[in-house]
There are 2 protein chains.
Amino acid sequence: MSKQADLTVLGQDAACCAPMVREPLGEVDAAELSRMFKALADPIRLRLLSLIASHEGGEACVCDLIGPFDVSQPTISHHLKVLREAGLVGSERRGTWVYYWVLPEALAKLSALLQTPAVPAKASA
Amino acid sequence: MSKQADLTVLGQDAACCAPMVREPLGEVDAAELSRMFKALADPIRLRLLSLIASHEGGEACVCDLIGPFDVSQPTISHHLKVLREAGLVGSERRGTWVYYWVLPEALAKLSALLQTPAVPAKASA
DNA sequence: CGGCTGAATCGACAGCCGTCGATACAGCAT
DNA sequence: ATGCTGTATCGACGGCTGTCGATTCAGCCG
């Protein structure tokens with residue numbers, strides 16, 4: 001934690017940002033990317049992320065994030081930690097409340113990776 | 001299986017294709033999307049997908065996909081099944097060999113979901 | 001200071017997931 | 001037909017993951 005610290009650092013390595021349709025992923029890139037996708041691989045975390053991202057001001061207090069779900073507060077806290085450790089969100093305590101915001105560069109990286117350059121080649125069959 | 005069957009069906013529902021930064025995901029969309037992300041949440045499957053996508057002709061035989069990995073053939077077969085059941089790839093047997101190809105619409109859907117409309121708002125701190 | 005609220009951590013537990021070897025199935029070749 | 005190669009399925013097992021209640025920590029307020 002300790003404020004946002006390495007917010008914009010984000011290992012902009014190289015290879016792992018181009019569409020995967022271009023060239024095979026290396027083992028290292030695949031490992032790092034799979035950690036990010038793993039963070040997205042849960043319905044609650046997906047909804048948390050979209051809730052944070054679409055919240056006014058681009059950030060949300062944890063107290064705003066507990067209500068919409070049927071799980072306990074510690075569970076939400078756990079999911080937020082997963083998102084944070086995957087580099088998808090940042091967080092900061094401001095007085096009584098803790099705020100979370102999305103790190104757009106991380107999402108953009110994944111989005112670019114999944115981009116498909118052209119249109120279907122097989123869909124007709 | 002039975003050939004590609006519902007290849008182009010892809011529940012183009014609606015909400016779940018716009019950037020999640022726009023509005024919160026519904027529970028149903030989040031559940032479906034998390035299934036797709038779960039399929040991407042493994043380094044071997046990511047590499048398989050990129051290997052298939054970047055293979056000449058846009059498709060690859062399973063026999064091309066076993067060599068690059070240190071896991072057994074049944075494990076590769078399992079991962080391919082996960083990708084197929086997530087709707088990310090299609091497959092077809094042609095004679096002795098089975099071929100896999102990426103379904104670009106699925107990737108595009110996820111890519112669009114992760115798109116970030118603007119630039120960072122918080123990076124200045 | 002004492003108590004209160006918001007959030008994170010801890011420890012435990014059930015269920016899921018990746019992996020394997022063994023086996024079954026499909027198609028070609030002899 | 002018989003055997004061989006390529007691929008999928010099966011059953012088992014260890015490790016990871018999501019969840020909870022209980023607890024702890026942080027900051028505000030009286």
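Residue numbers begin at 1 in each chain, while the letters A, B, ... track the order of the sequences. Here the structure is a predicted model, which is why all the values come from computation and not from measurement. Only this structure's heavy atoms are used, side chains among them; waters, hydrogens and symmetry mates stay out.
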Notebook entry, point to check: What is the nucleic acid contact for Thr96(B), judged by heavy atoms within less than 4.0 Å: base, sugar-phosphate only, or nothing?
Noted result: sugar-phosphate

Checklist line | Interatomic distance where CZ belongs to Arg84(A) and P belongs to dT9(C) [whole Å] | finding: 7 Å

Next item on the list: Identify which nucleotide among dA8(D), dA7(C), dA8(C) has an atom closest to any side-chain atom of Leu80(A), counting heavy atoms from C-beta outward.
Entry: dA8(C)

Notebook entry, point to check: Heavy atoms, side chains only, cut-off 4.5 Å: are Val102(B) and Leu83(B) in contact?
Noted result: no

Next item on the list: Starting from P on dT17(D), measure out to CD on Glu85(A) and report it in whole angstrom.
Entry: 11 Å

Note to self: Tell me the interatomic distance from Ile76(A), atom CD1, to dG6(C), atom C1', rounded to whole angstroms.
What the structure shows: 14 Å

Checklist line | Nearest-Å distance for atom pair NZ/P, residues Lys81(A) and dT9(C) | finding: 5 Å

Next item on the list: Would you mind listing every side-chain hydrogen bond (donor to acceptor under 3.5 Å, both in side chains) that reaches into residues 34-51 of chain B, with sequence neighbours excluded?
Entry: Arg45(B)-His79(B)

Note to self: From CD1 of Ile66(A) over to P of dT19(D), roughly how many Å is that when rounded to an integer?
What the structure shows: 14 Å

Check: Of the non-hydrogen atoms in Leu25(A) and Leu113(A), which two are nearest, and what is the gap between them?
Finding: CD1-CD1, 4.2 Å

Next item on the list: Check whether any side-chain nitrogen or oxygen of Tyr100(A) sits under 4.0 Å from OP1 or OP2 of dA8(C), and answer yes or no.
Entry: yes

Next item on the list: Using a 4.0 Å heavy-atom cut-off, write out nucleotides 13-25 of chain C from 5' to 3' as B (base contacted by protein), S (sugar-phosphate only) or - (no contact).
Entry: ----SSBBBB---

Notebook entry, point to check: Would you say the side chain of Thr116(B) lies within less than 4.5 Å of the side chain of Pro19(B), judging by non-hydrogen atoms?
Noted result: no

Note to self: Side-chain heavy atoms under 4.5 Å apart, restricted to Ile/Leu/Val/Met/Phe/Trp/Tyr: what other residues fall into the cluster of Trp97(B), or is it alone?
What the structure shows: Tyr99(B)

Next item on the list: Calculate the interatomic distance between Trp97(B) atom CH2 and dC4(D) atom C1'; express it in whole Å.
Entry: 13 Å

Check: Do Leu107(A) and Pro104(A) come close enough that some side-chain heavy atom pair is under 4.5 Å?
Finding: no

Margin query: Just the rounded figure in Å: distance from P of dA26(C) to CD of Glu92(B).
Written below: 17 Å

Check: Within a strict 4.5 Å, meaning less than it, do heavy atoms of the Ile52(B) and Leu80(B) side chains meet?
Finding: yes

Note to self: Could you tell me how far apart Asp64(B) (CG) and dT7(D) (C1') are, to the nearest whole angstrom?
What the structure shows: 13 Å

